[in-house]
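Since we're looking at a predicted model, the values are computed, not measured.
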Amino acid sequence: MAAQAAAAAQAAAVQAAQAEAAESWYLALLGFAEHFRTSSPPKIRLCVHCLQAVFPFKPPQRIEARTHLQLGSVLYHHTKNSEQARSHLEKAWLISQQIPQFEDVKFEAASLLSELYCQENSVDAAKPLLRKAIQISQQTPYWHCRLLFQLAQLHTLEKDLVSACDLLGVGAEYARVVGSEYTRALFLLSKGMLLLMERKLQEVHPLLTLCGQIVENWQGNPIQKESLRVFFLVLQVTHYLDAGQVKSVKPCLKQLQQCIQTISTLHDDEILPSNPADLFHWLPKEHMCVLVYLVTVMHSMQAGYLEKAQKYTDKALMQLEKLKMLDCSPILSSFQVILLEHIIMCRLVTGHKATALQEISQVCQLCQQSPRLFSNHAAQLHTLLGLYCVSVNCMDNAEAQFTTALRLTNHQELWAFIVTNLASVYIREGNRHQELYSLLERINPDHSFPVSSHCLRAAAFYVRGLFSFFQGRYNEAKRFLRETLKMSNAEDLNRLTACSLVLLGHIFYVLGNHRESNNMVVPAMQLASKIPDMSVQLWSSALLRDLNKACGNAMDAHEAAQMHQNFSQQLLQDHIEACSLPEHNLITWTDGPPPVQFQAQNGPNTSLASLL
């Protein structure tokens, strides 16, 4: 017995010595690998060599699976060798499923492997992998929630919002069961965001009400609580802006701005939540700041506070440039493109077409770097080119751009915006009656208007009024324009108010009612100067010149004529500069990805008559 005990003790000692030796060589190789990975610059090839050197030692399954995961991760994040990365991650996933209580390696391998499959356009391989991982992770709250978010995001990228909403609903219920009200709110707010994208407003309202209650009642990490409030308020603000309710949104927007100021004063708390299901952040603090700038720009653009829009765009773009030096997150490029889209529209209104064109070119360059970004913004890009074409009087090109944009979008509000602008092109051309009647029927504001946007419906009344004016049906035009004024005044839509006033002033001038015309044109001019809207200022100054001349007010007529001359010169100079830029050739692009290079032109090839 003593001999057996001694032999057993000796065997145990040998086993312990082997384990200790195994641990020491493994830790040494791991240390070297990490040293090379974190070197400046990283020495990835040497890091990979160190990790590959683990396998000849025939390590235990746990070490083998973890090393495959580490190799797969390094190759995926730092090299273009996706084939080897995939092979290692697949092995990590396969081996780790056979090892009990090895959740971190198992689910990280599944998560990373599905990411790689999506990058290789193998979405059909990613979905079942994530579904299986979700199925076997129910006892691991953090990973179960994370994998549900990941599969929901995959469905969202595929535009299968119904499946994504279902998964987020499952996640919200699971988070409630495991006692994580914070992550429940994240799931519900994410679902609310998708329901807003789907325009399922009847489902959105009760869900946002519930979210508001959860957010207010949750007592936890102050930064997490405030980030939930930011998410909630961003959804509310964008919902109002989508509905074109620029005045109604102001209290929510003010709350959002105060909330982001509060977050910026809070210090990140290093204490980890006690519930592992709470280990999530919606967005980094810096990203939230940019997002709040962005929705403020959207509001200022719609309301016609263009100088304010410019100020916040400059702040946001400066912040983005700093962030992009350290962070390559795709959401930053999305923020940048949306900001540029709004500021381009501002430039076209304020009479800075050349700058707008260069910024359109900048959006093209950003979209060239990301096929997904281009897919999401192609319709908006062609819409902006259409608006630019209108501003330089290239009506055929404008029609081609708007038609291309219509073909590329299934977003209802954007569709209505494009149709409204295309209708104004047909009105200006004067010989496209059949197409125009067809378009006007599709955006009839009196009945069955296709979208719920207050702003777009008001714009549709304006376009109807413009058409009636050109047809000489002045009473009908006045009815439509008064509807626009009523709607735009209700929601502080300053640009539509200015446009409606000046057109009504023009109608009264044509009818010989000079007093009423003056009552319309003077406030139109004041509002256009405040925005500032260069085209409305040009139009108003011409009308004021003619009105004062007709009334015998020589001094006022001379002053108005001088103003008109100044606006004409500014617009003409900007027009020539824009059309002389090589980027002006973008107006002929209507198919495929954005062109890479632009050839310089000899000079403008467009008519300037409409500006003078």
Side-chain angles (χ1 to χ4, degrees), residues 159 197 199 241-242 244 298 301-302 333-334 336-349 353 356-368 370-429 432 435-443 449-453 455-457 459-460 462-463 466 495 578 583-596 598 606:
K159 298 189 168 45
M197 288 166 67
R199 300 293 176 264
L241 291 178
D242 268 355
M298 290 165 70
M301 173 67 211
Q302 275 199 36
S333 293
S334 295
Q336 191 175 358
V337 166
I338 297 167
L339 278 163
L340 286 168
E341 285 170 354
H342 281 80
I343 203 60
I344 287 160
M345 289 189 282
C346 288
R347 307 265 196 228
L348 293 173
V349 172
K353 296 183 278 289
L357 184 56
Q358 288 166 329
E359 285 165 340
I360 290 173
S361 175
Q362 197 179 337
V363 175
C364 287
Q365 288 164 26
L366 286 165
C367 288
Q368 281 163 9
S370 165
R372 183 175 290 156
L373 200 59
F374 176 61
S375 169
N376 290 338
H377 291 270
Q380 291 92 317
L381 196 43
H382 285 287
T383 304
L384 291 170
L385 280 167
L387 295 172
Y388 167 75
C389 291
V390 170
S391 76
V392 292
N393 203 33
C394 297
M395 293 303 166
D396 289 344
N397 297 104
E399 181 185 350
Q401 292 296 339
F402 288 141
T403 306
T404 301
L406 285 174
R407 177 169 50 80
L408 293 171
T409 191
N410 54 12
H411 188 283
Q412 283 185 309
E413 275 76 8
L414 181 58
W415 178 89
F417 179 79
I418 298 163
V419 168
T420 304
N421 281 283
L422 184 56
S424 72
V425 169
Y426 288 154
I427 289 168
R428 285 175 67 170
E429 286 186 312
R432 305 294 295 278
E435 294 97 326
L436 180 56
Y437 283 120
S438 170
L439 282 185
L440 290 176
E441 196 50 46
R442 294 166 80 186
I443 51 163
F449 192 65
V451 293
S452 59
S453 171
C455 179
L456 286 169
R457 188 162 171 259
Y462 175 78
V463 168
L466 187 66
R495 278 203 69 223
E583 291 88 348
H584 183 75
N585 281 327
L586 271 172
I587 68 172
T588 61
W589 163 60
T590 54
D591 193 35
V596 179
F598 312 101
T606 54

Next item on the list: Go through the steps to decide whether Phe402 and Val390 satisfy the test side chain to side chain contact (heavy atoms under 4.5 Å, CB included), and finish with yes or no.
Entry: CA-CA 10 Å; Phe402 288 141; Val390 170; 4.0 Å; yes
Next item on the list: With the side chain counted from C-beta on, respond yes when His377 and Ile338 share a heavy-atom pair under 4.5 Å apart, and no when they do not.
Entry: yes
Item checked: OG-CZ distance between Ser452 and Arg199, expressed to the nearest 0.5 angstrom -> 7.0 Å
Note to self: Nearest 0.5 angstrom please: Leu385 CG to Ile344 CD1, how far?
What the structure shows: 8.5 Å
Note to self: Test side chain to side chain contact (heavy atoms under 4.5 Å, CB included) on Glu583 and Ile360; report intermediate values, then the result.
What the structure shows: CA-CA 9 Å; Glu583 291 88 348; Ile360 290 173; over 6 Å; no
Next item on the list: Would you indicate whether the side-chain heavy atoms of Val337 and Phe374 approach each other to under 4.5 Å?
Entry: no
Next item on the list: Starting at CG of Leu339, measure out to CE of Met298 and round the result to the nearest 0.5 Å.
Entry: 10.0 Å
Check: So do Leu414 and Ile418 actually touch side chain to side chain, heavy atoms under 4.5 Å?
Finding: yes
Next item on the list: To the nearest 0.5 angstrom, please state how far the CD atom of Glu413 sits from the SG atom of Cys455.
Entry: 10.5 Å
Next item on the list: Would you check if the side chain of Gln401 reaches a backbone N or O of Ile587 as a donor-acceptor pair within less than 3.5 Å?
Entry: yes
Item checked: Closest non-hydrogen atom pair, Thr420 against Ala416 -> OG1-O, 2.7 Å
Note to self: Measuring only between side-chain heavy atoms, which start at C-beta, is Trp415 closer than 4.5 Å to Val451?
What the structure shows: no
Margin query: Please report the interatomic distance CG(Leu348) to CG(Leu387), rounded to the nearest 0.5 Å.
Written below: 6.5 Å
Check: Going through the distances and angles, do Tyr426 and Leu422 end up as a side chain to side chain contact (heavy atoms under 4.5 Å, CB included)?
Finding: CA-CA 6 Å; Tyr426 288 154; Leu422 184 56; 3.9 Å; yes
Notebook entry, point to check: Does some side-chain heavy atom of Leu373 sit less than 4.5 Å from a side-chain heavy atom of Ser334?
Noted result: yes
Item checked: Side-chain donor or acceptor of Ser375 paired with backbone N/O of Pro371 under 3.5 Å -> no
Item checked: Side-chain touch Cys346/Ile343, heavy atoms, less than 4.5 angstrom -> yes
Notebook entry, point to check: Asn393 and Arg428: side chain to side chain contact (heavy atoms under 4.5 Å, CB included), yes or no, with the steps?
Noted result: CA-CA 10 Å; Asn393 203 33; Arg428 285 175 67 170; 3.7 Å; yes
Next item on the list: Report yes or no: does Glu359 contribute a side-chain atom to a donor-acceptor pair with the main-chain N or O of Glu341 at less than 3.5 Å?
Entry: no
Next item on the list: Step through the shown structure and confirm whether more than 12 heavy atoms of other residues, nucleotides or ligands are within 6.0 Å of CZ on Arg407.
Entry: yes
Item checked: Non-hydrogen atoms of Ala398 and Gly386 that approach each other most closely -> CB-O, 3.7 Å
Margin query: I'd like to know if the side chain of Thr409 reaches the main chain of Ala405, judged simply by a donor and an acceptor atom lying under 3.5 Å from each other, with no hydrogens or angles considered.
Written below: no
Check: Val392 versus His584: any side-chain heavy-atom pair under 4.5 Å?
Finding: yes
Margin query: Is the shortest side-chain heavy-atom distance between Gln362 and Leu340 below 4.5 Å?
Written below: yes
Checklist line | Leu439 side, atom CG; Ile427 side, atom CD1 - distance, nearest 0.5 Å | finding: 9.5 Å
Check: Where the side chain of Trp589 meets the backbone of Asp591, is there a donor-acceptor pair that is under 3.5 Å apart?
Finding: yes
